[in-house]
Amino acid sequence: MKLHNFFRSGTSHRLRIALKLKGLDYRYIPVDLRTEEHAGAAYRKINPQGLVPALEQDGKILLQTPAIIEWLEERYPTPALLPRDPDGRARVRALAALVGCDIHPLNNRRVLEYLRAQFGCDDAAIEAWSATWIGAGFDALEALLAADPARGRFCYGDAPTLADVYLAPQVESARRFKVDMSRWPLVAAVDRACADIEAFATAAPALQPDAS
Ligand SMILES: N[C@@H](CCC(=O)N[C@@H](CS)C(=O)NCC(=O)O)C(=O)O
């Protein structure tokens, strides 16, 4: 498999974690967001949307991390990233969607660049914007975790699931935007539990070949 990705991209980070949890090897193909490589013609042949990551296998290109991770789950079911029962699956998917649909897209690079270019936002304004949407999402996540009587070390139970695969990169991004994580002790505790697992530790942005 070839993983077209960028070390600091949250969605790339999410997919690296899922691949590593499944024990799958991949070739790391860096796509540099700093030089707009993702917007160029060569990468748009892989993903016309000009977004990373993309996963290539046997000449097929898979796009959109929710679809790619569900494909991995179906193709390589062990270890499972979703619980067996429908209620558990709905819960885990909801926690993942809270991050993937309602936090991450608002803080995407192209959104922040648009705020800078069209509305003259400076670094402080960008940090305030990002902190607002990360905070709103993490407030809800913290409440959901607190209300779950069966909660274990992770978002759902005592083994990592899809929800943790989404959560850990979002916490990493929150730190990059200088968001104080002490407001969400349960979210921070889940992130620490994830960091103890090799798949999460080795997927970290700072350890990737294009990190600088
Ligand atoms: N919904 C897409 C989102 C992908 C995405 O937003 N990727 C970001 C990096 S985390 C990107 O390529 N951004 C480029 C830009 O904003 O210019 C997915 O889950 O794969």
Side-chain angles (χ1 to χ4, degrees), residues 1-22 24 26 28-57 60-75 81-82 92-119 121 123 125-127 129-131 133-134 137 161-177 179 200 203-212:
M1 286 192 225
K2 287 188 204 167
L3 177 63
H4 302 267
N5 77 140
F6 180 60
F7 73 103
R8 216 167 38 208
S9 134
T11 48
S12 301
H13 187 182
R14 176 190 296 172
L15 186 49
R16 289 195 300 267
I17 295 169
L19 286 162
K20 286 170 183 283
L21 282 170
K22 298 278 184 191
L24 298 168
Y26 56 85
Y28 191 106
I29 316 265
V31 181
D32 199 333
L33 265 53
R34 294 164 299 193
T35 60
E36 300 280 336
E37 191 181 352
H38 60 300
Y43 185 69
R44 279 193 192 272
K45 281 192 189 142
I46 295 167
N47 183 358
Q49 221 184 347
L51 298 173
V52 291
L55 188 68
E56 194 171 342
Q57 199 202 25
K60 281 192 312 261
I61 309 276
L62 300 171
L63 301 175
Q64 289 287 347
T65 52
I68 304 172
I69 297 171
E70 292 270 352
W71 176 85
L72 287 173
E73 183 72 355
E74 288 167 12
R75 184 94 201 273
L81 296 179
L82 285 168
V92 165
R93 285 184 170 124
L95 297 176
L98 193 159
V99 173
C101 302
D102 299 334
I103 304 180
H104 172 272
L106 288 161
N107 302 318
N108 209 344
R109 179 183 173 277
R110 60 183 176 165
V111 172
L112 305 184
E113 289 306 312
Y114 191 84
L115 289 173
R116 284 185 203 277
Q118 300 297 321
F119 300 111
C121 293
D123 285 349
I126 295 292
E127 275 169 22
W129 167 277
S130 301
W133 304 119
I134 292 170
T161 64
L162 191 70
D164 306 291
V165 167
Y166 277 65
L167 179 69
Q170 192 57 63
V171 173
E172 170 84 25
S173 160
R175 288 201 201 94
R176 204 166 61 246
F177 287 119
V179 174
F200 283 85
L207 298 184
Q208 305 315 305
D210 53 340
S212 57

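As the structure lists them, so they are numbered: ligands from 1, and atoms in each ligand from 1. Atoms considered below: every heavy atom in the structure, side chains included; atoms not considered: hydrogens, waters and symmetry mates.
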All N/O donor-acceptor pairs, side-chain side in residues 205-212, below 3.5 Å, sequence neighbours left out:
{"unit_1": "Gln208", "atom_1": "NE2", "unit_2": "Thr202", "atom_2": "O", "d": "3.0"}
{"unit_1": "Gln208", "atom_1": "NE2", "unit_2": "Ala203", "atom_2": "O", "d": "3.3"}
{"unit_1": "Gln208", "atom_1": "NE2", "unit_2": "Ala204", "atom_2": "O", "d": "2.7"}
{"unit_1": "Asp210", "atom_1": "OD1", "unit_2": "Tyr28", "atom_2": "OH", "d": "2.5"}
{"unit_1": "Asp210", "atom_1": "OD2", "unit_2": "Phe7", "atom_2": "N", "d": "3.1"}
{"unit_1": "Asp210", "atom_1": "OD2", "unit_2": "Tyr28", "atom_2": "OH", "d": "3.4"}
{"unit_1": "Ser212", "atom_1": "OG", "unit_2": "Arg34", "atom_2": "NH1", "d": "2.7"}

* Asked: What is the distance from atom CD1 of Ile126 to atom CD of Glu113, rounded to the nearest 0.5 Å?
  ->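 Going from CD1 on Ile126 over to CD on Glu113, the span is 7.5 Å.
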* To do: Quick one: pull up CZ in Arg176 and CD1 in Ile134 and give me the separation to the nearest 0.5 Å.
  => 9.0 Å
Distance-only donor-acceptor hits, side chain of residues 161-174, under 3.5 Å, sequence neighbours excluded:
{"unit_1": "Thr161", "atom_1": "OG1", "unit_2": "Ala163", "atom_2": "N", "d": "3.2"}
{"unit_1": "Thr161", "atom_1": "OG1", "unit_2": "Asp164", "atom_2": "OD2", "d": "3.4"}
{"unit_1": "Asp164", "atom_1": "OD1", "unit_2": "Cys155", "atom_2": "N", "d": "2.9"}
{"unit_1": "Asp164", "atom_1": "OD2", "unit_2": "Thr161", "atom_2": "N", "d": "2.8"}

* To do: Check whether any side-chain heavy atom of Ile17 sits under 4.5 Å from a side-chain heavy atom of His13, and report yes or no.
  =>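 The answer is yes; the side chains approach within 4.5 Å.
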Quick one: side chains of residues 38-49, donor-acceptor pairs under 3.5 Å with protein atoms, not counting sequence neighbours, listed by atom name and distance.
{"unit_1": "Tyr43", "atom_1": "OH", "unit_2": "Leu51", "atom_2": "O", "d": "2.8"}
{"unit_1": "Arg44", "atom_1": "NE", "unit_2": "Ala39", "atom_2": "O", "d": "3.1"}
{"unit_1": "Arg44", "atom_1": "NH1", "unit_2": "Pro48", "atom_2": "O", "d": "2.8"}
{"unit_1": "Asn47", "atom_1": "OD1", "unit_2": "Gln49", "atom_2": "N", "d": "2.9"}
{"unit_1": "Asn47", "atom_1": "ND2", "unit_2": "Leu51", "atom_2": "O", "d": "2.8"}
{"unit_1": "Gln49", "atom_1": "OE1", "unit_2": "Gln64", "atom_2": "NE2", "d": "3.1"}

For ligand 1, run through the N/O pairs with the protein that fall under 3.5 Å and put one pair on each line.
{"unit_1": "ligand 1", "atom_1": "1 (N)", "unit_2": "Gln64", "atom_2": "OE1", "d": "2.6"}
{"unit_1": "ligand 1", "atom_1": "6 (O)", "unit_2": "Asn108", "atom_2": "ND2", "d": "2.6"}
{"unit_1": "ligand 1", "atom_1": "7 (N)", "unit_2": "Thr11", "atom_2": "OG1", "d": "3.3"}
{"unit_1": "ligand 1", "atom_1": "7 (N)", "unit_2": "Val52", "atom_2": "O", "d": "2.7"}
{"unit_1": "ligand 1", "atom_1": "12 (O)", "unit_2": "Val52", "atom_2": "N", "d": "2.9"}
{"unit_1": "ligand 1", "atom_1": "13 (N)", "unit_2": "Asn108", "atom_2": "OD1", "d": "3.3"}
{"unit_1": "ligand 1", "atom_1": "16 (O)", "unit_2": "Asn108", "atom_2": "OD1", "d": "3.3"}
{"unit_1": "ligand 1", "atom_1": "16 (O)", "unit_2": "Arg110", "atom_2": "N", "d": "2.7"}
{"unit_1": "ligand 1", "atom_1": "17 (O)", "unit_2": "His38", "atom_2": "NE2", "d": "2.9"}
{"unit_1": "ligand 1", "atom_1": "17 (O)", "unit_2": "Arg109", "atom_2": "NH1", "d": "3.1"}
{"unit_1": "ligand 1", "atom_1": "19 (O)", "unit_2": "Thr65", "atom_2": "N", "d": "3.3"}
{"unit_1": "ligand 1", "atom_1": "19 (O)", "unit_2": "Thr65", "atom_2": "OG1", "d": "2.5"}
{"unit_1": "ligand 1", "atom_1": "20 (O)", "unit_2": "Thr65", "atom_2": "N", "d": "3.0"}

